[in-house]
Structure formats: C-alpha cells, structure tokens
6 protein chains.
Amino acid sequence: MQLNQASWPEIEAYLKKSKGIVIPIGSVEQHGPNGLLGTDAICPEVIAKEAGDEAGFLVGPTFSVGSAQHHLGFTGSITLRPTTMIAALNDWIDSLHRHGFKRIFFLNGHGGNITTIDAAFVESYAAWSLDGEACPYKLKQTSWWMFDEVAQVCKELFPEGDGSHATASEVAVTYYAYPEAVKDVVMTPKTAPEGRFTDAADYRKNFPDGRIGSDPSQATPEKGKRIVEVAKKALIREVEAYFAS
Amino acid sequence: MQLNQASWPEIEAYLKKSKGIVIPIGSVEQHGPNGLLGTDAICPEVIAKEAGDEAGFLVGPTFSVGSAQHHLGFTGSITLRPTTMIAALNDWIDSLHRHGFKRIFFLNGHGGNITTIDAAFVESYAAWSLDGEACPYKLKQTSWWMFDEVAQVCKELFPEGDGSHATASEVAVTYYAYPEAVKDVVMTPKTAPEGRFTDAADYRKNFPDGRIGSDPSQATPEKGKRIVEVAKKALIREVEAYFAS
Amino acid sequence: MQLNQASWPEIEAYLKKSKGIVIPIGSVEQHGPNGLLGTDAICPEVIAKEAGDEAGFLVGPTFSVGSAQHHLGFTGSITLRPTTMIAALNDWIDSLHRHGFKRIFFLNGHGGNITTIDAAFVESYAAWSLDGEACPYKLKQTSWWMFDEVAQVCKELFPEGDGSHATASEVAVTYYAYPEAVKDVVMTPKTAPEGRFTDAADYRKNFPDGRIGSDPSQATPEKGKRIVEVAKKALIREVEAYFAS
Amino acid sequence: MQLNQASWPEIEAYLKKSKGIVIPIGSVEQHGPNGLLGTDAICPEVIAKEAGDEAGFLVGPTFSVGSAQHHLGFTGSITLRPTTMIAALNDWIDSLHRHGFKRIFFLNGHGGNITTIDAAFVESYAAWSLDGEACPYKLKQTSWWMFDEVAQVCKELFPEGDGSHATASEVAVTYYAYPEAVKDVVMTPKTAPEGRFTDAADYRKNFPDGRIGSDPSQATPEKGKRIVEVAKKALIREVEAYFAS
Amino acid sequence: MQLNQASWPEIEAYLKKSKGIVIPIGSVEQHGPNGLLGTDAICPEVIAKEAGDEAGFLVGPTFSVGSAQHHLGFTGSITLRPTTMIAALNDWIDSLHRHGFKRIFFLNGHGGNITTIDAAFVESYAAWSLDGEACPYKLKQTSWWMFDEVAQVCKELFPEGDGSHATASEVAVTYYAYPEAVKDVVMTPKTAPEGRFTDAADYRKNFPDGRIGSDPSQATPEKGKRIVEVAKKALIREVEAYFAS
Amino acid sequence: MQLNQASWPEIEAYLKKSKGIVIPIGSVEQHGPNGLLGTDAICPEVIAKEAGDEAGFLVGPTFSVGSAQHHLGFTGSITLRPTTMIAALNDWIDSLHRHGFKRIFFLNGHGGNITTIDAAFVESYAAWSLDGEACPYKLKQTSWWMFDEVAQVCKELFPEGDGSHATASEVAVTYYAYPEAVKDVVMTPKTAPEGRFTDAADYRKNFPDGRIGSDPSQATPEKGKRIVEVAKKALIREVEAYFAS
C-alpha cells in the first residue's frame with residue numbers, strides 16, 4: 001500500500017489494523033559512469049513498494065535527498081547538511097506520530113545516510129527523555145544491502161567488483177526498475193580502486209569517475225530483479241517482526 | 001531528461017548547453033475522500049516529466065513533502081515546518097549552484113507552499129545581498145494551475161466544483177498518472193463549502209472531509225490527460241523563456 | 001490605544017473587553033530619491049494609530065525592520081533574514097498569546113514582507129497542529145494599500161506614476177506624518193521603469209535610483225492625509241470584523 | 001539626523017563624512033502602575049534623537065522589543081528569546097556593515113538587554129575571529145542611565161525611590177516625551193521593595209505591581225526634560241569620542 | 001562529591017538531601033607567556049572540588065570550553081559561538097532539571113563567559129515564562145575572583161600587576177593545581193598594558209603576548225594555594241546560602 | 001603534551017613540527033551500580049594523556065558531555081541534543097582549523113557518540129564541499145575499545161560479562177585512573193541482560209540498574225592499568241599513522 005496513492009480515509013482504515021509504516025530513504029548523488037543519480041532512492045523505493053504490495057504494509061513517500069556532500073564534486077549530486085536532514089526527518093516523524101504511528105521503519109539506500117539518520121532518531125528520542133515522558137513510538141533503520149540473504153545474492157551475482165559505491169548490485173536494481181535508463185559504458189579501470197574520503201574535493205581526487213571498488217558494467221535488469229526478489233522477502237520478514245515488536 | 005535517471009557525465013554534458021533545471025515541488029497531504037495523499041507532488045512531477053522529455057530540459061528530483069500543517073487533522077498528511085523547508089530548499093539550491101546551474105525553476109503543486117518557497121528564495125538571495133556580491137543564479141516558482149491556458153481548460157472541464165482544495169482538476173491529473181489508483185467515492189455534499197482556515201483543528205472543523213469548494217468525483221484519467229497536455233505546453237514555453245532570460 | 005504608551009493595568013483592563021491587537025509591521029529600506037527609509041513602518045504605524053485612537057482598539061509596537069535584502073544595494077536599508085524574521089514574529093506571537101490575545105492583526109507596509117509573515121504564521125500554527133491541539137489564537141495580515149477604497153483613492157490622486165516601489169502614495173503618507181521631512185527632488189526619468197528583481201545587485205542594476213514604476217515627486221502631505229483618512233476607515237471596519245470573528 | 005526620515009542619498013552623503021551610527025535599543029515591558037510599556041525604547045529614542053539632531057550624527061531605527069521574559073507575568077510585555085535577539089541584532093549589524101558603517105553605538109534603555117546585546121556582539125566578532133580576518137567594524141553599548149552625570153541628576157531629582165525597575169527617572173523621561181500619557185496613580189507601598197528574580201512567575205510573586213525599589217509617582221515631564229538635557233550632552237560626548245576612536 | 005566519580009545510585013541518594021549542584025565553567029584560551037590554556041577551567045574546578053569535598057555538596061563536570069573568540073589570534077584557544085554555548089548550557093540545565101535539581105550554581109572562571117551564561121539563563125527561563133508556568137529551578141553564576149575575600153587576598157598577594165587577563169592570581173591557582181606545569185618566563189614589559197578589545201585581530205594587535213595589565217611572573221603554587229583556601233571558604237558560604245534559598 | 005597545561009607559545013612551537021591533535025571525547029552518564037558517571041570521558045582522557053606524554057603528540061581538552069539521552073532515566077546523566085553536539089564540535093573544529101591544525105583525531109569513549117560525531121564531521125566537510133573548495137583538514141574518530149589489541153586484552157581479562165554498557169573493562173580503566181573511587185557493589189543479577197533500547201524510559205525499563213550485558217564487579221585498578229597500557233600503544237601507532245597521512 002502506497003501512502004502517496006492512498007486517500008486519507010484509506011490510511012485511517014489502515015491505522016486500525018497496523019501502527020507501522022516503512023519510509024524509503026535515499027540520496028541523489030553520482031553513481032559512476034553508468035549509474036543513475038537517483039540510485040539510492042530508487043533501490044529502497046522499489047524494494048519497499050514490492051514488499052508493501054505483497055505483504056500489505058504501508059509505504060510512505062521516499063525521503064529522496066540525503067547526506068551526499070562528498071559527491072558534490074560530481075555534477076548533479078544534491079545534499080542536505082546533516083542538521084537540515086535531522087530537522088526534516090524530525091518533522092516527518094512528528095507528523096507520523098501525530099497520526100498514531102508507533103513503528104517507523106526507514107529502509108535506507110545510502111551508506112552515507114546511516115549516521116545522520118541515527119542522529120535524527122536520537123534528536124527525536126531526546127525530546128521525550130528530557131521531558132521525562134516515555135516516547136510512544138519506535139524508530140528503526142536498515143539498509144537494504146545489509147539483509148544477510150541480499151548480501152549473499154549480491155556476492156553470487158557479482159563475485160568480483162560489486163564494490164562499495166556505485167556497486168554493481170545497486171546499479172542492477174535501478175536497471176530493473178528503469179530498464180529504459182540502462183547505460184552501456186566501458187569502465188576504466190574495469191574495477192575501481194577502494195579507499196576512503198573526507199570532503200568532495202578529496203573524493204573526486206581519489207575516485208575520478210565516482211566509483212569505489214566496483215565494476216557496475218556487470219549490472220543488468222535481470223540481476224536487479226533477482227536482488228529485488230530476495231530483498232523483498234527479507235524486508236517483509238523484518239517489517240512484520242518489527243511491527244509486531 | 002530526468003536527473004534521477006541520468007548519470008553524472010550526462011548532467012555534465014547537459015550543463016554545457018543549458019544552465020537551467022526544473023524542480024517539481026509538492027506536498028503530502030489529504031486530498032479529500034477520493035484524492036491521493038501524494039497529489040501535490042504527482043501533478044508537477046508528471047507535467048514536468050512530460051515537458052522535459054519533449055523539450056529536452058532537465059527535471060530534478062521532486063521536493064515531495066512541503067508545508068501542510070493545516071492538513072494534519074487528516075491521517076497521512078506530513079509537513080515540514082517553514083524553517084525546515086527553507087533550510088532544505090537552500091541546501092538544494094546551494095548544491096545546484098555548486099554545479100553551475102543559473103536558473104532554477106520550481107514547478108509547484110501546492111498553494112500552501114508558495115509563501116515559504118518565496119521566503120526560501122529570499123533567504124538565499126539575502127546571503128549574497130548582505131555580502132555585497134551579485135548572486136550568480138536566479139530562482140523562480142510557478143504553480144501549474146496558474147498558467148492561463150491551464151486555468152482555462154480546468155474551467156472548461158469543470159465549470160462547477162473545481163474548487164480550491166482537492167480540486168477536480170488536480171485529482172484528474174493524478175488519475176491520469178496513476179489510473180490504478182482511481183477511487184470511486186460519493187461526495188457528501190456534492191460540492192464542498194468554500195472558506196478559510198488557520199491550523200489543523202480549525203481546518204478539520206470547517207472542512208470535515210478535507211475538500212474545499214470542490215466536487216472531485218468529476219475527475220477522470222481522460223480529463224487529467226487533457227490538463228497535462230495543456231500544462232506541458234505552457235511549462236515548455238515558460239521554461240524556455242526563463243532559461244533564456 | 002497605544003500599547004507603548006499604556007501601563008500594564010490599562011492593558012489588563014482592555015483585555016477584559018477585547019482579545020484583539022493590531023501590530024504595524026514595516027521595513028527600513030530605501031524609497032527612492034525623495035522617500036524616507038522608514039516609509040514602510042511609518043505608513044502602517046500612522047494609519048493604525050489614528051484608527052486605534054478613533055475606534056478604541058489596541059495598537060502594539062511597530063515591528064519596524066523586515067525583509068529587505070533586495071534593497072541592500074542602497075545605503076541605509078536594513079534587513080532581517082526570513083528565518084530571523086520568523087523567529088522574531090513567533091516570539092511576539094507567543095508573548096501576546098501568553099497574555100490571552102486571540103486575534104493578532106498585522107497591518108503591513110511592505111510587499112516584500114508578505115510571504116515571510118505568512119511563513120511565520122504557518123510556523124506558529126504548525127506547533128499546535130503537530131501537537132494535535134487546537135490553536136487558541138488567529139493571525140492575520142493585510143497590507144494597507146490593498147484595502148479597496150485605499151487602492152481607489154491612490155488611483156484618483158495619482159492616475160499615473162503611483163508605481164510599485166517608492167510609490168507616490170506611500171511617500172505622501174510619510175509626508176503627512178513627518179511634514180518636516182518632505183524632500184524636493186527632481187525625478188529622472190520622471191517615472192521609473194517597472195520590472196522584477198532577485199538580489200540586491202540585480203535590483204540596483206535595474207532600478208538605479210531605487211524607484212519601481214513611480215513618480216513620487218507627486219507626493220504631498222495633503223494627499224497623504226487623504227489616504228490616511230480613507231485607510232483609517234477601512235482598517236477600523238476590517239479590524240472590528242476580525243476581532244468579532 | 002534620523003535614518004528613518006532620511007532618503008538613501010542623504011545617508012550616502014552622511015557616510016562620506018562619518019562611519020558611525022547610534023541605534024536606540026529598548027524593550028516593551030511593564031513599568032509598574034504608572035509607567036509606559038514602551039518606556040525602555042522611548043528613553044533611548046528621545047535622548048538619541050535630541051543628541052543626533054544637535055550634534056549631527058545619525059540615529060538609526062529603534063530596536064524596540066528586547067529581552068523581557070521576566071515581565072511576562074504582566075500584561076502587554078513582549079519578549080524575544082536571547083537567541084532570536086542575537087540573530088536579529090546580527091542581521092542589523094551585517095546590514096550596516098554592508099553599507100560601510102564602522103562604529104555602531106547601541107544606546108540601551110533596558111538593564112535586561114545588556115548581557116544579550118554583548119553576546120550578540122561576541123557572535124558577530126566570532127565570525128571574523130574564526131575566519132582569521134580582522135573585523136572592520138566596532139560595536140558598543142551604553143545604557144543611558146549609566147552616564148555619570150545622568151546618574152547624578154537622577155539622584156538629585158529623586159534622592160529616594162528612584163529604584164531599579166520602573167524607576168522614577170525613566171518614567172519621567174517618558175512623561176517628557178509623551179506628556180499626554182502621564183498617569184496619576186497612587187503607589188502602594190509608596191516605594192516598592194528591592195530584590196532579585198528569575199522567571200516571570202518568580203518576578204510577579206516578588207514584585208506584585210511590577211516596580212522594583214521605586215516610587216515613580218515622583219515622575220514629571222519637567223524632571224524628565226532635565227534628565228534628557230543632561231543625557232543628551234553626555235551622549236554627544238561619548239558618541240563623538242567613539243566615532244573618532 | 002564529584003559527579004564524574006560518583007555512581008548514579010550515589011547521586012540519587014544525594015538528591016534526597018540536597019537539590020543543589022555546582023558546575024565549574026571555564027574557557028580554553030591563551031593566558032600569556034607563562035599561563036596555561038586551561039586556566040579558566042582549572043581555577044573554578046579546583047576551587048569547587050576542594051569546597052565540595054569539604055562541605056559535601058555535589059560538583060558536576062566542568063563546562064570547559066566557553067566564549068573565547070577574542071583569543072583566537074593566539075594558538076590553542078578554542079571558542080564556542082554564543083548561540084552554541086546557550087544551546088549547550090540549556091541541554092545541561094534541562095538534563096539536571098530532569099533529575100530534580102532545583103539550584104544550579106555555575107562557578108565561573110572567565111570574564112568573557114559572564115554575559116553569555118546570563119543569556120543562557122534567560123533563554124532557559126523564557127521557555128517557562130512564555131508557557132505561563134513557574135520555572136521549578138533557579139540558576140546562578142559567580143566568578144571566583146569576585147568573592148570579596150578573594151579579591152582582597154589577590155590584592156595582598158599581588159599589589160601590582162595582578163591585571164585583568166592572564167592575571168597573576170589565576171596563574172598562581174593553576175600552578176598550585178599543576179605544579180609540574182609551572183613555566184619560568186621573563187615578561188616584557190614586566191606589566192602588560194591595560195585596554196579594551198573587540199575581535200581576535202584587535203586583541204592581538206593591542207596585547208601582543210596575550211596579557212592585559214598583568215605580571216603573572218609573580219605567580220607561585222604557594223600563592224595559588226592561599227587563594228584557593230580563601231576561595232573555597234567563600235564558595236562554601238555562598239553555595240550553602242544559595243542551596244538553602 | 002596537554003593543551004590545557006601548555007602556554008600558547010608552546011602550542012605555536014608544537015605546530016611547527018606537527019599539525020595533529022587528539023581530542024578525547026566522552027559522555028557523562030550512568031554506568032551501573034559501581035561505575036562512574038564520568039567513565040566515558042575518563043577512559044579516552046587517561047589513554048590519550050599517557051599516549052601523548054609518551055609519544056609527544058598534543059592532547060586537547062576533553063569534550064566531556066555527549067549524546068546520552070537514553071541514560072536520562074538514571075540520575076546524574078547529562079546529554080547534549082545531537083544538533084547541539086554538532087554545533088559545538090564544529091566550533092571546536094573551526095577553532096583548531098584557525099590555528100592551522102590539519103589532522104584532528106577524536107578518541108571516543110562512548111558508543112552513543114559515534115553517529116553524531118560522524119554527522120558533525122559531515123557538517124564540517126559539507127561547508128567546504130558546497131563552496132567548492134578543498135577542505136584543508138581531515139577529521140577522524142576511533143573508539144578506544146575498537147583497537148584490535150584492546151578488544152583482545154579485554155576478552156582475556158573478562159572472558160565473561162565484559163558486556164556492552166558499564167563494561168567491566170571501562171570500569172576497570174576508571175578504577176585505574178581514580179582508585180579512590182572504586183565501589184564495592186554486589187551485582188544482581190551477576191551479569192546484566194543484553195538488549196536494545198530507544199529512549200530513556202525504554203532503557204530504564206529494560207535495564208533496571210543501567211548495565212547491559214556486563215558484570216563490572218570484576219573491574220580492578222590493576223586490570224584497568226593493563227588495558228590502558230595496551231590502548232596507549234595502539235593509540236600511538238594509530239595517531240602517528242594518521243598524522244603522517
């Protein structure tokens with residue numbers, strides 16, 4: 001069930017049977033020579049949508065622009081400052097709490113979001129903890145590639161060059177979602193170097209085409225489909241357990 | 001051209017021929033008994049996408065959650081506080097400026113966003129004005145229903161009961177975009193009352209099913225298609241003029 | 001009744017019969033070659049004062065510096081950033097709410113303030129809407145030149161060259177208020193060009209002496225007096241209706 | 001010279017001979033049974049105006065609402081939170097700096113403002129100090145009652161019961177400025193108790209009619225005139241020394 | 001009793017007999033050629049610790065970095081912006097209030113902190129005053145050198161050249177606390193000039209080695225010990241009176 | 001070398017040979033029945049001090065209060081909100097950058113700080129990335145218990161019941177640092193349960209005496225000494241590598 005395509009009476013009916021919602025959260029940032037700028041939003045969005053449709057849980061709007069300062073050396077990347085992101089996430093959380101949601105599960109698509117999402121959760125809880133009242137809701141984030149079975153299928157599909165940014169697996173998921181956007185690009189070098197980074201200038205210097213450790217030319221819509229199938233099942237299991245907790 | 005489905009080298013190539021981008025901006029809020037919560041994001045998104053595809057200009061990610069505090073009495077609505085929205089819009093603007101964009105055109109889908117978007121523009125310009133430097137970019141917003149020809153076609157399609165919230169025309173556009181989400185609901189009263197509001201409690205008291213002045217049961221995908229065709233042309237004309245200014 | 005010249009027991013007595021207050025709100029910014037920097041604060045201040053004295057409603061202190069970044073290319077202009085203005089207006093509103101005021105009517109003197117004042121209202125309402133409580137007060141803004149009869153008298157007095165910034169009518173009102181400040185300046189060109197602007201550099205480039213569309217050399221104290229008389233009556237009517245709503 | 005009644009070309013001419021400006025800064029807060037809510041803004045405003053007119057220096061708009069949380073137990077008082085006041089003062093300072101002012105002298109009318117004004121100055125300097133650049137302007141505040149000769153004349157006029165809030169001397173200055181607002185109230189007790197306070201509830205409990213240590217029924221317009229004459233001379237001396245520093 | 005070396009059950013037991021706590025608050029900033037960067041934190045920390053140990057009151061963690069922008073021209077100085085400091089102090093206050101503390105006594109070691117600490121107190125009280133509730137706690141600050149008997153012993157020990165920054169007395173207290181850090185430096189000139197400052201560049205220009213008015217080469221651990229003994233007694237007296245108020 | 005006990009000329013001399021600094025960062029929060037509230041600040045402080053003294057690198061002041069909202073159900077715990085902590089860390093970073101430091105290594109003592117520290121780093125880098133300038137400094141955090149050899153020695157010393165909060169190893173380190181603060185408490189149950197938490201109420205409900213998974217009654221000063229020796233060596237190795245990077 002997609003919140004964006006539901007009416008308010010439909011959400012009101014949903015809330016009578018479940019107090020849980022899943023929010024895909026991504027980033028708009030470069031994903032190398034053949035990856036989409038929207039990759040990190042598209043991946044959790046498609047997985048959450050398929051899972052929600054199958055299992056009947058509610059999927060909220062995608063929080064699409066996240067923490068991507070390190071990618072600003074590549075055209076098209078957009079970032080929120082962490083303090084802005086904390087404020088925005090807290091406005092979303094406060095709105096959902098207003099309606100009575102008690103389990104808010106963020107399905108994350110961007111490694112760079114993890115710490116700021118967690119800081120946003122702490123900001124939210126801190127208001128209750130300082131007031132001395134029990135917070136009536138719980139907040140959780142999971143990144144889709146961290147489900148065990150997803151990690152395994154990605155390893156099977158891409159035994160080499162899945163990498164850590166502009167990964168073959170995430171590009172494959174976006175190709176499955178938007179086959180019309182498949183881009184045929186020769187990678188040089190075939191597999192990008194691994195490494196670390198600080199700001200955008202440092203990132204661009206170390207990773208000239210934007211990839212880290214990956215060969216995303218291996219990505220195909222079919223492989224993406226396979227990943228989404230596995231991820232969908234994992235997400236349903238996790239969400240159902242979380243909503244029941 | 002959709003930024004989210006482009007790679008960074010594609011955006012870099014685009015910037016060599018144009019410094020302009022269109023950002024759809026919406027809201028997630030109740031739209032009455034048969035309207036979608038995502039209406040205000042969906043409408044500018046579909047219009048901008050079709051226009052961008054036809055005319056070749058770049059369409060950025062949708063800024064989907066906006067200023068909707070007055071709708072919080074209806075389940076599923078999500079709001080940003082204006083100060084959060086100003087911060088987030090400025091982070092987007094700063095990111096786009098970093099890449100060299102010089103004309104940023106927000107195609108708006110929510111009346112309640114207009115003043116805060118403008119305040120965000122002023123916040124952005126103020127930094128340059130206080131520094132005594134000329135701001136290298138220009139910012140513009142237009143709401144899709146304000147194009148003359150769009151207003152006219154909506155009046156033709158819905159001579160009565162287009163209304164001012166959960167309008168027949170906006171619901172029609174979303175039905176065109178998501179025909180699977182068409183909802184068949186009898187409206188009582190057929191046309192909702194007109195009026196004004198302050199906060200969420202006041203809104204809910206005055207407009208019990210969320211509509212203002214509208215009878216959105218008149219909406220059909222076909223009528224939505226017609227509106228989008230007209231809006232697309234208007235947008236192309238406005239965007240081309242703006243990018244050339 | 002002027003809050004600034006009243007004692008607290010007098011305000012306490014006033015609150016027993018009315019919960020309404022009028023706040024003049026302006027800007028300190030250039031108003032062309034013969035206009036006063038304080039114009040936008042002076043106009044609503046003098047109108048509100050005369051109306052309040054006649055009708056017995058309470059007029060609060062003038063919120064004198066507003067949103068004027070676009071005028072910073074002209075010496076003497078002072079601006080608040082929109083986020084600062086939202087914070088300050090909310091502190092005023094919270095203070096007045098603390099005392100039990102339930103209708104706060106901002107009489108505005110500056111077009112550039114309108115959107116940020118509205119964003120400030122939304123910020124105020126949002127706190128209640130997110131908490132799920134009904135906001136006990138209502139907020140309203142009207143710009144003095146928007147009253148129908150004021151628009152009409154200005155048109156009669158200045159059939160040409162009233163303009164849209166440093167208007168003949170606003171300069172006239174200030175000359176009525178401060179006849180010792182009348183400045184005799186020849187305008188070149190007689191009527192300034194119309195147009196739009198973004199930041200301060202853009203404004204100054206397009207409007208070299210600060211005026212937009214106006215010939216304020218037509219302003220006289222007598223014409224200002226006439227405008228104030230009309231505006232006073234309009235304001236009394238609006239305020240009484242609003243306080244009774 | 002009053003900025004609010006000057007045109008921008010007049011300020012531009014002024015800046016060619018002086019880089020200094022005086023800003024009256026006050027508060028809107030209760031001043032006991034016969035004192036005006038606007039007292040703390042009125043006093044520095046009238047002193048600065050008379051001094052500026054005599055000595056030819058520029059007097060900016062009055063920063064009228066300040067730090068008055070402790071008076072909120074008395075109707076009509078309005079406060080800024082300190083963080084809001086710091087933001088607003090910095091916007092004023094940044095605007096004046098933009099125009100080339102190098103000496104900004106705040107003439108203060110409210111003891112409760114002193115620390116927050118100083119914190120605002122530190123916030124302003126800190127931006128330069130952290131950047132490693134020399135700040136091109138200097139900021140100063142003085143409270144009008146702290147000039148030695150003013151303190152002395154107040155002591156002469158009110159050997160007993162001048163007090164520390166709603167003082168006889170400040171009420172006298174406002175009576176001189178607004179003789180039509182003189183209020184004839186019997187004080188009980190004749191002289192209010194001295195003491196300290198924290199928040200508004202604590203203040204109201206300790207000082208039931210708002211006064212601290214004062215008998216302002218001694219205030220007359222004539223005594224106010226005397227104080228203003230002395231304060232005017234002191235201010236001229238201090239301002240001229242400061243602008244020349 | 002040191003909070004940092006206590007367990008939570010020990011603090012819980014303490015709160016049954018006292019609702020008061022002392023917080024040393026300092027700065028990390030240059031203190032001239034022979035003074036320690038940590039001087040302003042060390043002095044209140046050692047005095048509070050010895051007093052708390054003797055009298056049995058609770059001493060919280062030291063708020064060690066404060067308002068020191070004017071010292072940034074000297075290597076090693078660290079500052080908070082005033083708005084950051086206000087936010088941090090309010091988080092501390094809110095945490096202590098959560099546990100039931102009702103008297104929070106800041107023992108300050110840095111003149112430059114005084115106004116911002118006061119602004120932080122006002123920010124804290126303002127939340128209660130605007131809500132119309134009585135604040136359940138009281139906040140107080142005293143700078144250790146302001147106790148009468150401390151001022152007197154410093155004058156006895158250093159009849160000349162105690163000064164106003166990098167004072168002989170504060171350096172002596174740190175030498176008593178950290179005798180291994182005593183630095184033997186010849187001062188040129190023997191006594192530094194007095195004066196005022198604005199930002200860091202201005203400070204460094206006027207006071208090239210960081211001292212103001214002092215000859216801290218007079219400092220010895222023995223003199224520091226004497227000062228601490230006197231300060232300890234004064235603090236115990238003040239704290240006991242405050243906690244009992 | 002301890003910054004707090006150094007003079008500014010000593011830091012200036014240090015900067016000629018190294019641009020690196022280590023900042024211990026902790027939290028003030030409950031650590032179970034026998035653990036110190038200051039544990040998380042004390043551990044990195046003592047390790048950094050001993051390492052800095054041995055290897056000659058500079059150790060800055062301890063950032064002592066961190067992110068501890070979940071512990072507020074236990075008396076004495078103090079927290080910063082994440083947004084406050086981000087602001088404060090950025091003020092520290094900006095100050096150190098002002099002096100020319102290029103490698104800032106935070107040695108962390110609290111798991112709950114990790115994400116907010118990272119968000120603070122991103123906030124700092126984002127300013128440079130958005131400006132399009134290369135950030136001249138690098139920021140790093142490591143938690144002392146994450147060094148491989150430290151993890152191993154803790155496992156050897158406490159094969160069971162080291163746990164994840166109020167761990168035997170951290171309590172041991174504090175007992176080594178403050179042997180006078182050793183507390184003899186019988187733990188019930190001997191080993192606390194493991195689990196997760198959200199806000200303070202949730203934490204207290206799940207972990208009634210504050211411990212998670214630990215039996216800290218095993219802690220002794222001797223074991224703490226052993227841990228510090230190992231950690232010191234690991235830290236020296238990491239810091240030297242980082243400063244040389």
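Excluded from the calculations below are hydrogen atoms, water molecules and symmetry mates; all remaining heavy atoms, backbone and side chain alike, are included. Proteins get letters first, then strands, A, B, ... in listed order; numbering begins at 1 in each.
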Chemist: Only pairs of heavy atoms separated by less than 4.5 Å count here; which of A:Ala41, A:Gly73, A:Ser64, A:Ala68 has the most with chain B?
Modeler: A:Gly73
Chemist: Side chain to side chain contact (heavy atoms under 4.5 Å, CB included) for A:His99 and B:Ser77? Distances and angles first, verdict last.
Modeler: CA-CA 8 Å; A:His99 301 310; B:Ser77 305; 4.2 Å; yes
Chemist: For each of A:Phe74, A:Phe63, A:Phe101, tally heavy-atom pairs with chain B at distances under 4.5 Å, and name the one with the top tally.
Modeler: A:Phe74
Chemist: Name the member of B:Pro33, B:Ala177, B:Ala181 that forms the most heavy-atom pairs with chain A at distances under 4.5 Å.
Modeler: B:Pro33
Chemist: Select one option (side chain, backbone, both, neither) describing which atoms of B:Glu29 are under 4.5 Å from chain A's heavy atoms.
Modeler: neither
Chemist: Only pairs of heavy atoms separated by less than 4.5 Å count here; which of A:Gly38, A:Ala166, A:Pro61 has the most with chain B?
Modeler: A:Gly38
Chemist: Of the listed residues (A:Arg98, A:Gln69, A:Gln2), which shares the most heavy-atom pairs with chain B below a 4.5 Å separation?
Modeler: A:Arg98
Chemist: Give the member of B:Gly100, B:Gly60, B:Ala200, B:Gly76 that has the highest number of heavy-atom pairs under 4.5 Å with chain A.
Modeler: B:Gly76
Chemist: I'd like to verify something: which residue of A:Asn34, A:Asn4, A:Ile21 has the highest number of heavy-atom pairs under 4.5 Å with chain B?
Modeler: A:Asn4
Chemist: Measure B:Leu3 against the heavy atoms of chain A and call it side chain, backbone, both or neither at under 4.5 Å.
Modeler: both
Chemist: Supply the atom-to-atom distance B:Leu37 CG to A:Glu10 CD, rounded to the nearest 0.5 angstrom.
Modeler: 8.5 Å
Chemist: Can you tell which part of A:Leu15 gets under 4.5 Å to a heavy atom of chain B, answering side chain, backbone, both or neither?
Modeler: side chain
Chemist: Using a heavy-atom cutoff of under 4.5 Å, enumerate the residues of residues 201-213 of chain A that contact chain B, numbered in order, or state 'none'.
Modeler: A:Arg204, A:Pro208, A:Asp209
Chemist: Do you know which of A:Thr75, A:Leu36, A:Thr174 has the most heavy-atom pairs under 4.5 Å to chain B?
Modeler: A:Thr75
Chemist: Are there residues of residues 78-97 of chain A that reach to under 4.5 Å of chain B by heavy atoms, and which ones?
Modeler: A:Ile78, A:Thr79, A:Leu80, A:Arg81, A:Thr84, A:Ala87, A:Ala88, A:Asp91, A:Trp92, A:Asp94, A:Ser95, A:Leu96
Chemist: Side chain, backbone, both or neither: which part of B:Glu180 has an atom under 4.5 Å from a heavy atom of chain A?
Modeler: side chain
Chemist: Identify which of B:His71, B:His31, B:Glu12 forms the greatest number of heavy-atom pairs closer than 4.5 Å to chain A.
Modeler: B:Glu12
Chemist: Please give me the minimum heavy-atom distance between A:Gly32 and B:Ser7, naming the atom from each residue.
Modeler: O-CB, 4.1 Å
